[in-house]
Amino acid sequence: MRAAMEAEAVASELCSGHGRAYLDGLVVDGKPVCECNTCFGGPDCSLFSPDCAADVDSGNPLFLEPFWMQNAASSAVLVSGWHRMGYSYNNQNSISKELEKYIRKLHSVVGNAVTEKRFIVFGAGSTQLLNAAVHALALDNSTSPAGVVATFPFYPAYKTQTNFFRSTDYKFLGDTSLCKNVSDASMNIIEFVTSPNNPDGQLMKAVVQGDNAKAIYDHAYFWPHFTAIPAPADEDLMIFTLSKFTGHAGTRFGWALVKDEIVYERMATYVDINSFSVSHDTQLVALKLLKAVLEGKGREIFDFAFGTMRNRWETLSEALSVSNRFSIQEIEPRYCSFFNQVRGPSPAYAWLKCERDKDEDCYTVLKTAGIIGRSGTVFGSGSRYVRLSLIKTQDDFDLLIRKIKTLVSNEDGFKTM
């Protein structure tokens with residue numbers, strides 16, 4: 001009761017709707033301090049800074065925060081001080097079997113992945129599992145280090161992690177097109193396939209084929225929020241994350257569905273040595289969230305999330321439709337087995353291109369206009385591209401649209417409707 005009262009006291013701090021107070025936040029004069037959204041300040045986050053830049057760089061999935069505030073009771077969890085203090089569960093396993101059961105149920109309800117005859121590995125977000133997968137696949141017999149590739153534009157963590165660990169078992173080569181020029185025919189090629197792709201939201205398939213080719217499917221965004229689900233994914237190694245599913249990026253929980261038992265064992269060993277499993281508290285929170293999601297057959301969160309993302313995409317598309325200077329990616333409507341209908345795009349990111357010859361550095365063009373995105377060069381693409389995050393707070397998105405409309409209206413000869 002005392003823990004619940006403390007939580008309710010913090011939740012009652014409304015912060016003007018432009019920030020949040022947290023149980024583990026600062027306390028001044030006995031009151032929790034509001035942590036304000038970007039461009040808002042003051043004790044209650046009511047002060048807006050009109051000259052502030054729209055920061056849409058990160059993939060912080062705070063667009064789902066209102067959903068969880070509306071479902072506070074079903075998603076709340078009390079972690080007792082004595083909760084699972086040991087290293088393992090009673091069966092000497094490091095993963096919650098109940099959570100594993102709910103993950104399989106989740107994929108069955110959503111229809112986005114086959115879990116039959118698959119082993120499940122838990123990780124500290126999908127980030128830990130990405131390199132665990134590379135490690136596991138690189139250990140197959142080869143006379144040289146495995147080459148790691150991805151089709152550009154690609155999620156930069158693939159390159160960053162591979163280079164950071166400096167393993168003798170693998171090395172980052174670059175774009176999948178380079179595989180045609182690999183002189184060592186015995187080299188194993190490990191391909192990262194992000195589907196939907198980060199940054200452009202396109203559904204992807206492995207490019208590299210052959211006996212020495214292995215694929216890691218990063219399905220972080222393969223949820224009805226962000227894409228149509230044409231059919232359940234059925235690849236040998238698939239990675240998912242709580243971050244882009246429920247929005248709980250800070251919980252740091254991900255899982256991999258693995259067909260091959262040897263690869264599964266290698267990945268599990270990697271996680272065990274690297275972090276001695278995933279926190280029991282994290283697994284408890286993930287279990288509670290999945291239970292909340294699956295109430296009512298899982299429709300509520302997806303209706304909310306898809307509606308939010310679709311509206312944001314349509315709003316941005318409309319704002320840019322009168323521009324001769326900027327364009328965003330085209331994503332064709334597709335049939336979605338979850339919603340049982342053809343549906344339009346709702347990607348997590350806009351992949352914006354500066355069309356004018358003189359705007360070679362698109363990132364700087366936008367930054368000058370008060371919009372902070374992520375340069376296309378980070379994704380292995382050209383400097384004419386910038387990724388804009390559409391999954392942050394409503395305040396962030398509203399400010400982005402305001403800046404975009406101002407930028408477009410100042411164009412020479414912009415289209416009039």
Side-chain angles (χ1 to χ4, degrees), residues 75-110 112-140 161 165 169 214 216-220 222-223 232-246 248-295 298:
S75 60
V77 59
L78 172 67
V79 182
S80 303
W82 45 262
H83 174 73
R84 293 203 180 275
M85 295 170 61
Y87 285 116
S88 60
Y89 293 84
N90 268 353
N91 57 4
Q92 300 304 308
N93 204 320
S94 60
I95 71 173
S96 162
K97 288 299 181 182
E98 186 70 1
L99 177 54
E100 180 181 342
K101 182 179 76 175
Y102 267 85
I103 286 174
R104 295 183 188 275
K105 182 180 179 181
L106 171 69
H107 286 299
S108 176
V109 169
V110 178
N112 65 339
V114 174
T115 61
E116 290 80 7
K117 298 182 180 179
R118 298 298 200 284
F119 300 95
I120 296 184
V121 185
F122 291 173
S126 61
T127 305
Q128 184 182 38
L129 294 171
L130 295 175
N131 197 254
V134 172
H135 163 80
L137 295 176
L139 294 182
D140 287 344
Q161 277 201 358
F165 288 108
D169 295 322
K214 308 169 191 301
I216 300 168
Y217 274 81
D218 183 350
H219 284 313
F222 196 52
W223 300 100
D234 191 18
E235 295 89 23
D236 290 352
L237 202 166
M238 303 176 283
I239 296 177
F240 294 85
T241 174
L242 197 70
S243 169
K244 300 306 187 291
F245 164 40
T246 67
H248 292 81
T251 302
R252 307 309 304 137
F253 181 73
W255 63 95
L257 304 176
V258 188
K259 181 180 286 187
D260 185 273
E261 186 173 5
I262 294 176
V263 174
Y264 155 74
E265 289 175 348
R266 290 172 181 170
M267 290 184 67
T269 299
Y270 177 99
V271 172
D272 187 52
I273 293 174
N274 183 260
S275 59
F276 212 83
S277 79
V278 175
S279 160
H280 294 161
D281 293 356
T282 290
Q283 295 188 52
L284 177 63
V285 171
L287 175 61
K288 185 65 174 179
L289 293 172
L290 264 59
K291 285 182 175 181
V293 164
L294 291 171
E295 290 181 5

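For this chain, numbers begin at 1 and follow the sequence in order. Everything numeric in this text was worked out from a predicted model, so none of it was measured.
The two residues Lys244 and Trp223 come nearest to each other via the heavy atoms O-CD1, 4.1 Å.
Side-chain rings of Phe240 and Phe222 stay apart, their centers remaining 6.0 Å or farther from each other.
The aromatic rings of Phe245 and Trp255 lie perpendicular to each other, with more than 60° between the two planes, well past the 30° mark. In this pair, Phe122 and Phe253 present their aromatic rings perpendicular. The plane angle is above 60°, beyond the 30 to 60° band.
A salt bridge does not link Glu295 with Lys291: every distance from a Lys NZ or Arg NE/NH1/NH2 to an Asp or Glu carboxylate oxygen is 4.0 Å or more. A salt bridge between Asp234 and Arg118 is present, with a side-chain N of the basic residue lying under 4.0 Å from a carboxylate O of the acidic one.
For the side-chain hydrogen bond (donor to acceptor under 3.5 Å, both in side chains) with Tyr89, the qualifying choice from Glu98, Gln283, Lys97 is Gln283, the only one to do so. Checking Val110, Val114, Asn112 one by one against Pro232, the side chain to side chain contact (heavy atoms under 4.5 Å, CB included) holds for a single residue, Val114.
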Next item on the list: Might you work through the side chain to side chain contact (heavy atoms under 4.5 Å, CB included) test for Arg266 and Asp140, ending with a clear yes or no?
Entry: CA-CA 11 Å; Arg266 290 172 181 170; Asp140 287 344; 2.9 Å; yes
Note to self: side chain to side chain contact (heavy atoms under 4.5 Å, CB included) for His107 and Leu257? Distances and angles first, verdict last.
What the structure shows: CA-CA 11 Å; His107 286 299; Leu257 304 176; 4.1 Å; yes
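Here the OH-NZ distance, from Tyr102 to Lys105, works out to 5.0 Å after rounding to the nearest 0.5 Å. Put simply, CD on Glu235 and CD1 on Ile216 are 12.5 Å apart, with the number rounded to the nearest 0.5 Å. Between the CZ atom of Arg252 and the OG atom of Ser243 there is a distance of 6.5 Å, given to the nearest 0.5 Å.
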